[in-house]
Amino acid sequence: MFKDFLDFFTLTGFPEITWQMPVMWVVCLVLFYLAVYKGFEPLLLVPIAFGALLANLPAPALTTEPPGPVLSTMSGSVVEWHVAPGAMVEEGDLLATLQSSDPEKPELIEYRAPSHGQITELAVMPGESLQVGQKLATIFSREPGGLFYYISRGIEWEIFPPLIFLGVGALTDFGPLLARPVTLLLGAAAQLGVAMTFLAASFMGFSSGESASIAIIGGADGPTAIFLSAKLAPHLLPAIAVAAYSYMALVPMIQPPIMRALTTMPERLIRMKSLRKVSKLEKLVFALLVTVFCILLVPAAASLIGMLMLGNFFRECGVTDRLVKASQNEIINVITIFLGTSVGITMTGERFLKPETLMILSLGVVAFSVSTASGVIMAKILNLFLPEKINPLIGSAGVSAVPMAARVSQVEGQRADPTNFLLMHAMGPNVAGVIGTAVIAGYYIATLK
Amino acid sequence: MFKDFLDFFTLTGFPEITWQMPVMWVVCLVLFYLAVYKGFEPLLLVPIAFGALLANLPAPALTTEPPGPVLSTMSGSVVEWHVAPGAMVEEGDLLATLQSSDPEKPELIEYRAPSHGQITELAVMPGESLQVGQKLATIFSREPGGLFYYISRGIEWEIFPPLIFLGVGALTDFGPLLARPVTLLLGAAAQLGVAMTFLAASFMGFSSGESASIAIIGGADGPTAIFLSAKLAPHLLPAIAVAAYSYMALVPMIQPPIMRALTTMPERLIRMKSLRKVSKLEKLVFALLVTVFCILLVPAAASLIGMLMLGNFFRECGVTDRLVKASQNEIINVITIFLGTSVGITMTGERFLKPETLMILSLGVVAFSVSTASGVIMAKILNLFLPEKINPLIGSAGVSAVPMAARVSQVEGQRADPTNFLLMHAMGPNVAGVIGTAVIAGYYIATLK
Amino acid sequence: MFKDFLDFFTLTGFPEITWQMPVMWVVCLVLFYLAVYKGFEPLLLVPIAFGALLANLPAPALTTEPPGPVLSTMSGSVVEWHVAPGAMVEEGDLLATLQSSDPEKPELIEYRAPSHGQITELAVMPGESLQVGQKLATIFSREPGGLFYYISRGIEWEIFPPLIFLGVGALTDFGPLLARPVTLLLGAAAQLGVAMTFLAASFMGFSSGESASIAIIGGADGPTAIFLSAKLAPHLLPAIAVAAYSYMALVPMIQPPIMRALTTMPERLIRMKSLRKVSKLEKLVFALLVTVFCILLVPAAASLIGMLMLGNFFRECGVTDRLVKASQNEIINVITIFLGTSVGITMTGERFLKPETLMILSLGVVAFSVSTASGVIMAKILNLFLPEKINPLIGSAGVSAVPMAARVSQVEGQRADPTNFLLMHAMGPNVAGVIGTAVIAGYYIATLK
Amino acid sequence: MNFLLPLATESVAGHIGFLTNLRYQTVGVMIVMTSLCVLAVLVTVVAKGLSFFPTAKKSPAPAPEAPVAVTKDGISPEIRAVIAAAIHVSLKSPHRILHVQSVQNPQLHAWSVEGRRQIFQSHTFR
Amino acid sequence: MNFLLPLATESVAGHIGFLTNLRYQTVGVMIVMTSLCVLAVLVTVVAKGLSFFPTAKKSPAPAPEAPVAVTKDGISPEIRAVIAAAIHVSLKSPHRILHVQSVQNPQLHAWSVEGRRQIFQSHTFR
Amino acid sequence: MNFLLPLATESVAGHIGFLTNLRYQTVGVMIVMTSLCVLAVLVTVVAKGLSFFPTAKKSPAPAPEAPVAVTKDGISPEIRAVIAAAIHVSLKSPHRILHVQSVQNPQLHAWSVEGRRQIFQSHTFR
Ligand code: NA
Ligand code: NA
Ligand code: NA
């Protein structure tokens, strides 16, 4: 009877615990603490941290692939099969020995089963060559894939970020931007931080795809960052997502010193005259303008820009209340849960506990700081030409991180002059930054794919 | 440096603009105007128009198929392959030259790649024959399909229309119909317009499948029209959807003249005694009756009728508030966004800027008018037999277009006698029309598939 | 003309009516009656009954598989093909004669088409052997699968039950449990009913997988029961789901007599001192503890436990209102509709009108009764050791069936002493039962898969 | 099935005779007519059948009335404002109130509520 | 794994001995028992641990109380009606109000609110 | 496309020169700048264009004001409480009310409502 106990114990996850797991549990606790008690973007960090917790428990069944054709993940040739048709395999069992055709490292690779089931077909004979994506064998089983395998399709298929943007668009008021179009330039300037970070990352040895994905953290747009890294550097997705969202919450700490260092008191005291009322028609035209122009410019970002402006059109046209409500609530809330958890589930110890992660986290700070600085400086440059000066404190809002960066400008402004209200003026560059980041993301995809 | 600019320009969408695009942009603007400023069914027309705008920007990545097996879209034989295994192809690249086996036009066809990636298999050798749906080759890539490829599954798989009907059912009160069952005949009569239009369309040279899809516009049920044309004439879907929804909004313009022309003042003055209260039990029995009887009659429309009455059962049983709420709001709103945009995304210039489209739009008017007329006439016929006369003005409500047609009856009734309230009486034929249209749609599918 | 009518009649479902259908309609009416007029878990029973109604109408198009590769459901060899490549087949047409390799019954099997379309490939030649899951042929058609084929993926892929649990977690307050941790044992004890029922079922000749699925009814957790039987005994799913949900509603009838029989008046009069306030931090720690510990113990139930505690973490952390709202409403309501109907759609007469069903229904009562009893007895045993006695009436709440079982304890308590409020005390074992059932379900999966 | 065969063939290629079509459509319309006729009859029969035993218990006054029914005849502008606020808050999206009315005749009231819900639900305000 | 092997084989074909089953189930129940025992212990330990440093800051009075807490002891029927209307409007579906009560003891109140939410959320009104 | 080729190759294998990268990034930033510049110009032009014919009809006062506008200047604590209840009920989740204010200047009000919605919508209360 007691022996049965021990028998069962071998079926539990306890024997499978690796050293990384407890370490990652601590990482998760830190994230939970930041989210729950420090208010770091809890809507995203809580699902991400919880997903990461699940990812670091020995429960492969959560993410296992469904059975079916096994597509080779490498080019080369089959040296030897270790299974025969009809054999039952567990996920991770040795299937075959392949000879890699990669000139760099032509060693033998042990190819393992991506899912459990029965081998119904061996598609490539020993000696035959095969290429990436070619069918190697077929595995059959009545067991489905893991829950998070299915949920993660939303990221693999790049569906979640655009849907989040649909909601963001329905929540965004471009009025302040339209009332003072020049603020678009502040949103553009902030992207300088992205470019700088790309250089730094590339210099530190990251590939271009990786560098672009890391750099985009400076854009302070979670969905865009996830969209881009899912495309160009999926293996860095968890680290980038964590950085993107936690730094967004650090905005109130990172930005103020930079803003003060770069501005003089007289500049901080500048008062801007209140914004004119923008008509519904203007807002609608703007939504369509951005859609057409930006998609023509960077077709690769079409799904992001298109959904953002669709949501915004719903919001502004005033005759689709039900759709606005659905975008602002049902869609964005539900997708946020799935997006967050499926980002977290990729955060396994093997992937996350690496020096790269620290490098990414530090590069993220650089990105945010440079973006902030370049936004402020651009504002000062504009003041050289503009008849009516703008308060450079709103330049920092160009990093988006809506609406936090704008609130920082407001706070800093009031520190200088308690009767000066910059919030609405800062909303202009704030939302402009979203468009700017989408454009540069499209530029990266177009040139690196 | 400037050269780099030009280099990048070649990557943008600007060089890809075709003459149809600007034309379609104007079409979209017209639709937006009608939806936003004229209130034409904005809940559907706004998403459709926005989808159409995206469809007419050079962003193929929005709708590209995911890589995988390439199933031949034609029967014939392979004359020559233009790619070798391992070759990288872009969407639209030439794959092979096929010899069509179609006796009508046995010419050579240049077969192009449906998606981008690497050829991992050529499944049919030159000289070998192949048939529709047979695997021609396999393309592999880590890139997923386009956002709207995935969203459009809801239409391809005929999932969206039934789900919309779930919500419609939860929003529909069949009480007025049950209080005066004879109004079911008015809903039936209105389908005469559908039949007439079929004849007209077929006479104008449309195939039976196309004619049926066009004719159903007269049913004034968007979801049914989309469901039917997705099945019988997918290439006409955009034109039919646009016609179906914009004409629904034209009801207040199309119907009144016809109604007045066909009725005498004494008829318009008829007062109907107020409807009896219908018990919950009656409504529940009705929901089940319709489900069983109509599905037995036209199994092909089972998903539409089943979902419609499921939603209605939720509504009437009084113990599933949460499910009613979910059907009336979350489900119908979210699906409407996806349905509308994925209908719009099919509205490319090549497809839409054709004489057929104009023919469809004109046939749509015919359909609506005849439906209206036949509803009114049926009401007059019934009056020959019924002891207590019904006001023929409610006959026009048989075209459904809930609740607009009913409101038209109300308005016309009050024009004749300001103290005469027909709204609730008109709701009877109004909802009956929904069932009638579902039945004739099922008839078409059963006989044409 | 009249002949045309008859022609059409052959296309309707009327000729397809089998004797089981009317019988099942009556079964559905009974379920509707229980749900609507007796309030038996209407949120689940109404969709299930409606799905069952659809399942028993001759509308195969509702559930037909989409065309594609035909994977053999048996091992053996092909004796003869009855179709040639290019042939059109209807769902159910004879494809081939196979020789089963099953030693038990090696007879010839007529293999029929799982979907309609055109045969584009015969993958196994006559005389060749094939195994379960191997590709037998390929069918092509532009027709998609049935609406419920797609909706049912949520059950086939085991996605729906965990998502329901996400909502349940967001609706559950573990406070009472944390205020008196010993109640966890009451929730554990109730699982004795599950074990007993397993023995009974196995003794009655059910296989282990079937027995486990039937036994879990005693856990009174709908989603867990569906999750388990979808894995271990899909053919019994409808009967088990019906039993699980209708008995949950019978709790107020099944439990009281047992509770009274097993307790003395003095015991029923025991007053428990009101529960201490549990801090937010405690609740959060608990959520994480259960996640880590239970998933380590039974990785097979990871998706259920993980989602349950994720929802609960959302609820308790207090900074994710939007996600709590989405889990408690949008997600759980929408999924409930799809879960219920796709359980119902499997409830065909052939499957449901069997002696097994009656056996399952009766075993279900056993399960509930034993669970109730063991909960109460465990409470009495605990009282032998505990300094401050607990009222055994709350032991019965260990069967979960939240919150009904707890309300029964409350009612019984007040029958003995109208001033005694047990509701909140009973919530402890009540929610503990959910965890207990998930654990034993995981135990069954781990040992039987 | 005489008129279906040509259609079947036609759907693959070529065009079809007007008379066949005419017959095809006539049958279609007749089928719709007869089926909805049958439904009408069934419904009437059911109604008759139910009218015998009291359904009172089974059909409680529709819940929606409950809340409004509580309000006294004249609603103070204050209350009006608060309902407005409530609607505003609860719908979380731009919104205009048509009118808040209190009602005597529950029968009538049921309709109007129904009507209003219908329209509210299936269309946005303009 | 002695008792698992027969099961594994059996699940493919044939039946299984009662004693094996009995053992199988006993082990199952014992596992459930021990595991939930462990949980109970862990929870108690945690509670003890936390009880040392003040958690006041970390557990603010549950938000739900806030709104209702504002209401004075007796709620006028007028307000009652308006809340009804608000609920009616905001839920957009047939609905009956059980009762609107104001509360002294926040502790108790928390429970009752909890209870009410629980039931409201997991069941429809009857 | 001189600077894209190396990237294309590199993305497959190996590393890339700093200068190429520098150019690559400069072009990127310039593209962002110019494109948003163009947008700014277009927007200004549009605004000018529209400012000619009256858009009054086309831009009705934002609906959200309507309900609140009804409320008189001072809102009684009673009403405050009821709105609280309404919010509580309608949101069905723990929730704290920041403040209920009535407003004179509709212009200002539009902003503040906007701001409040913005923040409410994109973040949870803390
Ligand atoms: Na940005
Ligand atoms: Na109709
Ligand atoms: Na349980």
inquiry  = Let's go through F32(A) and F313(C) carefully: what are the C-alpha distance in whole Å and the side-chain angles of both, what is the deciding distance for ring pair (Phe, Tyr, Trp, His ring centres under 6.0 Å) to 0.1 Å, and is it a yes or a no?
reply    = CA-CA 10 Å; F32(A) 279 128; F313(C) 195 95; 4.6 Å; yes
ask   = Which of parallel (below 30°), tilted (30 to 60°) and perpendicular (above 60°) describes Y150(A) and W157(C)?
value = parallel
query = Going through the checks in order, is the side-chain contact (heavy atoms from CB on, under 4.5 Å) test met by R142(A) and V132(C)?
reply = CA-CA 10 Å; R142(A) 291 208 179 76; V132(C) 185; 3.7 Å; yes
Using every non-hydrogen atom in the two residues, find where [X] and [Y] come nearest and quote the distance to one decimal.
X: N333(A); Y: A326(C); answer: CB-CB, 3.7 Å
X: S303(C); Y: L147(A); answer: CB-CD2, 3.9 Å
X: P299(C); Y: P58(A); answer: CB-O, 3.7 Å
X: A302(C); Y: A59(A); answer: CB-CB, 3.8 Å
X: G306(C); Y: L54(A); answer: CA-CD2, 4.1 Å
X: L57(A); Y: T291(C); answer: CD1-O, 4.1 Å

inquiry  = Tell me which of these, I295(C), L288(C), V298(C), L310(C), has more heavy-atom pairs under 4.5 Å with chain A than the rest.
reply    = L310(C)
query = Would you call E143(A) and K231(C) a salt bridge, using N to O less than 4.0 angstrom?
reply = yes
inquiry  = Would you say that more than 12 heavy atoms from the other residues, nucleotides or ligands in this model lie under 6.0 Å from the CE of M24(A), or not?
reply    = yes
Using side-chain heavy atoms (C-beta onward) and a distance below 4.5 Å, is [X] in contact with [Y]?
X: I337(A); Y: I331(C); answer: yes
X: L297(C); Y: F14(A); answer: yes
X: N329(A); Y: R322(C); answer: yes
X: K280(C); Y: Y37(A); answer: yes
X: L284(C); Y: V36(A); answer: yes
X: Q131(C); Y: Q118(A); answer: yes

At a heavy-atom separation under 4.5 Å, does [X] approach chain A through its side chain, its backbone, both, or neither?
X: E156(C); result: backbone
X: V292(C); result: both
X: L166(C); result: side chain
X: M309(C); result: both

Checking heavy atoms, do the side chain of [X], its backbone, both or neither come under 4.5 Å from chain C?
X: L29(A); value: side chain
X: T341(A); value: side chain
X: F9(A); value: neither
X: P85(A); value: both
X: E121(A); value: neither

request  = Can you measure from CG (L43(A)) to CZ (F314(C)) and round to the nearest 0.5 angstrom?
outcome  = 9.0 Å
message = To the nearest 0.5 Å, what is the distance between OG1 on T320(C) and CG on L45(A)?
response = 12.0 Å
